[in-house]
Number of protein chains: 2
Amino acid sequence: MRATCLKRSVTSTLSLDIIRWIAIILGSVTGSGAGHKSMSASSNAITIADIARAAGVSVSTVSRILNNKPDVAEGTRQRVQAIIAELGFTPHAQAQRLAAGRSRTIALLFPDAQLSLMREEFILGAAKAASDASYTFYLMTSDLTRHQLMALCRSALADGIILMEIHLRDWRVSYLKRIGFPFVMIGRCANNKGINFIDMDFERGIAQATEHLASLGHRKIALLTFPDDAHERGYGPAVRSRDSYMRTCKQLGLPTIVAPANDTRSQLAEATDALLNRHPDLTAMISMHGDTTIAVYRALERRDRRIPADVSVIAFITRRAAELFTPPLTAIDFPAYDFGYQAGRMLIAQLQGSGGVEHVLPPPQLVLRESVAPPCASRRNGSACPVGNHERRDAYR
Amino acid sequence: MRATCLKRSVTSTLSLDIIRWIAIILGSVTGSGAGHKSMSASSNAITIADIARAAGVSVSTVSRILNNKPDVAEGTRQRVQAIIAELGFTPHAQAQRLAAGRSRTIALLFPDAQLSLMREEFILGAAKAASDASYTFYLMTSDLTRHQLMALCRSALADGIILMEIHLRDWRVSYLKRIGFPFVMIGRCANNKGINFIDMDFERGIAQATEHLASLGHRKIALLTFPDDAHERGYGPAVRSRDSYMRTCKQLGLPTIVAPANDTRSQLAEATDALLNRHPDLTAMISMHGDTTIAVYRALERRDRRIPADVSVIAFITRRAAELFTPPLTAIDFPAYDFGYQAGRMLIAQLQGSGGVEHVLPPPQLVLRESVAPPCASRRNGSACPVGNHERRDAYR
DNA sequence: TTGAAAGCGCTACCAC
DNA sequence: GTGGTAGCGCTTTCAA
């Protein structure tokens with residue numbers, strides 16, 4: 001409070017030297033360990049008006065300088081900036097945002113569902129994109145109700161949002177589109193006209209994985225996929241991957257074996273067991289699950305089926321997670337960090353009005369590690385079964 | 001703009017029915033796909049004044065209702081709330097924050113360093129704590145300079161912050177304490193008087209791990225730890241774990257073998273190799289690294305040393321990551337999600353003035369999985385070496 | 001129990 | 001180039 005009194009009594013007639021002296025006092029008072037919550041009380045902070053007074057200019061001028069407007073004399077700019085630095089002034093974010101009508105914030109709506117090791121990368125990528133552009137990054141977990149989404153938009157907390165877990169027909173997308181609220185998707189709908197997105201190309205990824213396995217000689221290739229209700233709800237990855245799997249198998253003349261399961265280790269273990277019971281002659285599996293695919297490994301171990309000698313496994317997963325598996329998991333690479341970063345970048349570009357609509361669907365990349373081999377006639381004799389000799393990646397970091 | 005005109009012309013003399021009708025018009029106008037960016041333009045949104053006008057009360061009253069103040073007649077409250085619901089009004093967050101002087105936001109300062117599979121849990125835990133308390137959650141990556149930290153505090157973007165990667169003497173802590181800005185630590189300093197923290201008890205964890213290995217008969221137990229400069233800088237986990245290791249080994253009469261390395265897979269692999277060269281008779285390792293500990297596994301594999309038959313390994317890691325290892329990693333459990341959640345909860349409690357200082361140092365829990373066994377005299381004959389028969393956890397989820 | 005009005009700290013328009 | 005000033009949308013005394 002003492003600081004406040006001092007500050008408020010400063011008048012524009014004081015010389016710069018005196019102002020500086022006062023700044024020092026202010027600093028030491030504020031800085032003393034006297035236990036008063038100076039910043040949190042938030043009322044005795046330096047304002048743009050203090051700067052203006054100290055510099056002998058108007059608040060408009062200070063504001064212009066703060067916002068890098070061109071129409072300021074170089075001398076003034078320097079003088080004011082010196083004082084800003086000296087008093088250690090930073091504009092009050094909420095005030096700026098209110099007055100400017102923009103929050104310079106993007107929000108990531110992050111599905112609450114459950115932990116998954118690879119999803120950290122989405123978050124960190126998007127956060128990095130925000131900080132690179134001097135934007136604030138707002139992370140929202142918990143799945144939103146329609147009402148909550150409306151509130152988020154109206155609250156003006158963020159200028160734009162990143163959506164994940166997109167369904168082919170997604171009410172959030174319809175809503176945001178209708179009210180004209182800026183957003184981008186990680187994922188995509190059935191119709192994406194006018195909407196920015198970046199998505200994994202599950203169609204091509206599945207085709208690539210299936211063809212790779214088929215080319216090694218596999219005939220019975222199962223798809224471990226999402227639970228049935230994910231398909232029914234039109235969850236993009238679920239529908240696209242299954243369709244592509246069906247199509248590819250048909251083209252290649254292979255039987256189709258689909259095993260739906262929740263993305264938990266226990267359910268996936270069960271599903272794998274059931275699958276092996278039904279199809280003892282299975283030689284390959286494609287998993288749509290992330291790190292929970294470890295449950296598939298464990299289920300195979302328990303039945304004494306070796307990877308890749310007896311059964312080959314492919315998943316969609318980040319490099320980092322894939323390399324934790326033993327044997328390392330051959331996978332369609334899921335560059336989640338990049339996806340997050342690109343989404344953030346696209347959203348900010350959109351907010352700044354630069355560029356048109358971007359539909360980003362990077363070509364899937366199959367990274368060969370050690371969980372895939374040709375099928376072995378002499379099963380249970382895996383060590384005699386030669387491992388395919390492909391490009392191997394041990395991308396340690 | 002049409003919406004704006006309509007809205008602005010509404011006067012308090014209009015009947016409620018007409019107001020409702022107008023609300024419908026507004027809704028459909030705003031909702032039409034005419035391509036005007038209604039929300040993003042942010043100027044034609046409904047305000048508290050519109051509500052007041054429509055309800056025939058003052059803005060003060062609406063504000064009171066919005067903030068659940070007690071001094072409002074029940075009838076008024078109901079009537080106004082009905083209108084709020086009808087018009088789909090949500091207060092403008094920035095305006096609220098500016099006027100109230102609080103942002104109801106916490107920020108997590110997340111070390112940029114590098115990806116680590118387990119750290120997602122810190123983030124999601126803290127985010128959950130925020131959302132549970134109706135707080136906004138900002139994630140800030142990139143390590144802050146002193147200047148940036150000052151700016152963050154002064155900007156009033158957040159009411160309080162969560163700090164990670166704490167050093168024994170941490171300039172950020174000194175600064176925040178000095179200016180009285182609310183914060184909590186995941187980690188702790190040498191002196192934590194008056195500061196809330198939650199931390200892994202590395203001292204006890206290391207002691208526990210070392211004693212466990214010693215009790216199985218291990219005599220040469222190495223500590224794979226942080227690089228030397230982390231110690232020099234006084235990074236808490238580095239200093240505390242090494243000290244505890246030294247002390248425990250001394251007490252048990254064991255030699256000390258310390259191998260520092262950066263937390264990257266390649267460096268860790270190198271360090272492991274070097275370690276095995278220097279100490280071929282090593283039978284156990286304790287790793288301070290997270291999922292990068294996979295590099296230790298791989299280095300051992302390459303030298304044909306089996307886990308746990310030839311070498312036992314213990315790390316500090318989340319359950320989820322530990323179970324991806326093969327054999328599953330016996331570990332001091334790192335409940336990172338809970339740590340994040342607790343930190344968030346403590347910070348918000350502090351902001352709301354409830355309760356005193358909390359120093360949370362949960363007792364470390366050693367979870368026995370399959371990477372530890374008694375040392376085997378007949379090395380290279382691992383399969384003959386019996387695996388210890390302890391509590392085993394296969395916590396699938 | 002309610003209303004009027006003075007801010008919160010900043011931006012941006014308009015005049016000089 | 002610069003200054004005055006009217007908001008931005010809300011909270012919060014202080015009176016009534």
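Protein chains get the first letters and strands the later ones, always in sequence-line order, with residue 1 at the start of each. Just so you know, these numbers come straight off a predicted model, no measurement behind them.
As a whole-Å value, the separation of H92(A) NE2 from dT11(C) C1' is 15 Å. In this structure, R97(A) atom CZ and dA12(C) atom P are separated by 15 Å, rounded to whole Å. Distance CD1 (I51(A)) to C1' (dG9(C)): 13 Å, rounded to an integer number of Å. The separation between R53(A) atom CZ and dG3(D) atom C1' is 15 Å, rounded to whole Å. Between the CD atom of Q94(B) and the P atom of dG7(C) there is a distance of 23 Å, given to the nearest Å. Between L98(A) atom CG and dG7(C) atom C1' there is a gap of 13 Å when expressed in whole angstrom units. We find that CZ of R154(A) is positioned 12 Å from P of dC10(D), with the value rounded to whole Å. Taking atom CZ on R102(A) and atom P on dG9(C), their separation rounds to 21 Å, with Å as the unit.
Note on Q96(B): a side-chain N or O is less than 4.0 Å away from OP1 or OP2 of dT11(D). For K69(B), a side-chain nitrogen or oxygen approaches OP1 or OP2 of dT12(D) to under 4.0 Å. Checking the phosphate oxygens (OP1, OP2) of dT11(D), a side-chain nitrogen or oxygen of S63(B) falls inside 4.0 Å.
Look at R104(B) and D159(B) and you find no salt bridge, because none of the NZ, NE, NH1 or NH2 atoms lies under 4.0 Å from a carboxylate O.
Picking from dT2(D), dG9(C), dC10(D) the nucleotide with the shortest atom distance to the side chain of I48(B) gives dC10(D). Listed nucleotides dG9(C), dT11(D), dT2(C) differ in distance to A73(B); the shortest reach to its side chain belongs to dT2(C).
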_If you apply the rule side chain to side chain donor-acceptor pair (under 3.5 Å), what do you find for S60(A) with S63(A), and how did you get there?_
CA-CA 5 Å; S60(A) 332; S63(A) 175; over 6 Å; no
*N196(A) and E358(A): CA distance, side-chain angles, deciding distance, side chain to side chain donor-acceptor pair (under 3.5 Å) verdict*: CA-CA 5 Å; N196(A) 279 314; E358(A) 291 183 70; 5.9 Å; no
_Y175(A) vs D170(A), side chain to side chain donor-acceptor pair (under 3.5 Å): CA-CA, chis, key distance, verdict_ = CA-CA 9 Å; Y175(A) 175 72; D170(A) 199 299; over 6 Å; no
*Please assess R97(B) against T136(B) for the test side chain to side chain donor-acceptor pair (under 3.5 Å), listing each intermediate value before the final yes or no.*
CA-CA 12 Å; R97(B) 292 167 175 203; T136(B) 304; 2.8 Å; yes
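Listed here is the closest heavy atom pair of L163(A) and F183(A): CD2-CD1, 4.0 Å.
Along DNA chain D, the nucleotide closest to T61(A) and the one closest to V62(B) are compared, and the more 5′ of them pairs with T61(A).
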Table of protein N/O atoms under 3.5 Å from nucleotides 4-7 of chain D N/O atoms:
from	atom 1	to	atom 2	distance (Å)
dG4(D)	N7	S60(A)	OG	2.9
dG4(D)	O6	S60(A)	OG	2.7

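At least one side-chain heavy atom of I84(A) sits less than 4.5 Å from a side-chain heavy atom of L66(A). Counting heavy atoms from C-beta outward, M185(B) and I195(B) have side chains that approach closer than 4.5 Å. For the pair V59(A) and T47(A), the minimum side-chain heavy-atom distance is 4.5 Å or more.
A rotation axis mapping the C1' atoms of four pairs onto the next four is fitted at both ends of the helix from dT1(C)-dA16(D) to dC16(C)-dG1(D) over five pairs, and the angle between these axes is 30° to 10 degrees.
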